[in-house]
Protein chains: 2
Amino acid sequence: METMGDVDQTCGMSLAIDVVGGKWKMHLMWVLAEGPVRFGQIRRKLDGVSEKVLAENLRQLEASGVVHRELYAEVPPRVEYSLTPLGESLSVALKPLEDWGEEHREVLSSRR
Amino acid sequence: METMGDVDQTCGMSLAIDVVGGKWKMHLMWVLAEGPVRFGQIRRKLDGVSEKVLAENLRQLEASGVVHRELYAEVPPRVEYSLTPLGESLSVALKPLEDWGEEHREVLSSRR
DNA sequence: GGGGTTGCTTACGTCGAGGTGAGAAATACG
DNA sequence: CGTATTTCTCACCTCGACGTAAGCAACCCC
């Protein structure tokens with residue numbers, strides 16, 4: 001599979017998909033939008049993610065500049081994830097999509 | 001891999017991702033948003049899609065109720081794809097994401 | 001008859017995102 | 001000492017989305 005980025009460099013949608021594409025990243029943004037969360041909390045909220053993939057995706061979102069990772073020097077370790085300003089703006093842009101799903105829930109789930 | 005649908009049934013985002021998840025569907029919506037298009041036209045616009053996958057994805061979008069397929073009994077065959085009202089509302093919900101990518105193009109492409 | 005056009009479908013192969021299970025560091029506590 | 005807690009990382013494997021190449025149906029034109 002090609003990376004998602006080589007479709008149309010001039011299209012804003014491609015840039016966005018590069019950031020939140022994949023199975024979990026949009027959900028992740030959605031969880032983070034509610035405020036800073038710890039790794040374990042996210043895990044419990046997103047039923048089904050493996051720790052490996054969760055860590056991976058968080059790093060990628062961090063690399064994209066939408067997520068901030070704060071490690072506290074405690075034992076056992078505490079790591080808090082939160083949205084950067086860029087991330088906040090992304091979650092705002094994601095909201096209409098969530099709303100759309102919500103509004104058409106019945107039609108959509110009947111068509112599965 | 002699980003299907004995308006089993007993450008959180010109560011979340012509108014999951015429903016939306018079920019519809020436009022994957023490599024091409026969002027791009028597809030974006031192309032269709034400009035008006036009815038023929039199969040071949042879409043192919044040429046989306047650089048890199050194989051005919052197989054394009055046909056597949058169009059059928060899935062049709063099954064989701066966001067795309068309408070109109071076959072004209074001509075030779076050679078002409079098939080036009082367009083958005084249903086539901087599809088229109090989805091493309092509206094997708095717009096902020098496109099805008100977001102557009103607005104932050106520089107930051108995003110530098111971070112690749 | 002042979003070539004062109006359009007929109008697929010089918011068979012086959014690849015590749016990487018994602019899942020699983022184990023382990024690891026560092027400390028506190030009984 | 002053994003156990004628990006938390007956040008990962010590593011090795012390994014699966015599986016399905018996607019790509020490639022070919023063929024097909026139907027008609028037109030030369």
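Proteins get letters first, then strands, A, B, ... in listed order; numbering begins at 1 in each.
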For this session: Would you indicate, yes or no, if dT7(D) has its OP1 or OP2 atom less than 4.0 angstrom from a side-chain nitrogen or oxygen of Arg38(A)?
Result: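 So the side-chain polar atoms of Arg38(A) do come within 4.0 Å of the phosphate oxygens OP1 or OP2 of dT7(D), strictly under.
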
Taking the side chain of [X] as heavy atoms from C-beta outward, which of [options] is closest to it?
X        : options                  : result
Val75(B) : dT5(D), dA26(D), dT7(D)  : dA26(D)
Ser50(A) : dG19(C), dC8(C), dC8(D)  : dG19(C)
Arg69(A) : dT6(C), dT9(C), dT7(D)   : dT7(D)
Phe39(B) : dC18(D), dT9(D), dG7(C)  : dG7(C)
Arg59(A) : dT9(C), dC8(D), dC18(D)  : dC8(D)
Lys52(B) : dG7(C), dC12(C), dG19(C) : dC12(C)

Between [X] ([atom1]) and [N] ([atom2]), how many Å, whole number?
X        : N       : atom1 : atom2 : answer
Leu58(A) : dT7(D)  : CG    : P     : 11 Å
Arg44(B) : dT5(C)  : CZ    : P     : 11 Å
Glu70(B) : dT6(C)  : CD    : P     : 19 Å
Tyr72(B) : dC8(C)  : OH    : C1'   : 18 Å
Leu71(B) : dA26(D) : CG    : C1'   : 12 Å
Gln41(A) : dT5(D)  : CD    : P     : 16 Å
Leu54(B) : dT20(D) : CG    : P     : 14 Å
Glu51(B) : dC24(D) : CD    : P     : 16 Å

Exercise. Does a donor on one side chain sit under 3.5 Å from an acceptor on the other, for Ser91(A) and Trp30(A)?
Worked result: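 Short answer, no.
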
Are [X] and [Y] close enough for a salt bridge, meaning some N to O gap below 4.0 Å?
X        : Y        : answer
Glu56(B) : Arg59(B) : no
Lys95(A) : Glu98(A) : no
Glu34(A) : Lys45(A) : yes

Problem set entry | Closest-nucleotide ordering on DNA chain C, the 5'-leading residue of Pro76(B) and Val79(B) | Pro76(B)

For this session: Starting at NE2 of His104(A), measure out to CG of Leu15(B) and round the result to the nearest 0.5 Å.
Result: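 One gets 11.0 Å once the value is rounded to the nearest 0.5 Å.
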
Problem set entry | Donor-acceptor pair under 3.5 Å, Lys23(A) side chain vs dG18(C) base |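 A donor-acceptor contact between them is absent.
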
For this session: Using a 4.0 Å heavy-atom cut-off across all strands, classify Arg43(B) as base, sugar-phosphate, or nothing.
Result: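 No contact.
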
For this session: Would you classify Tyr81(A) as touching base, sugar-phosphate or nothing, given that sugar-phosphate means primed atoms plus P, OP1 and OP2, and contacts are heavy atoms under 4.0 Å?
Result: sugar-phosphate

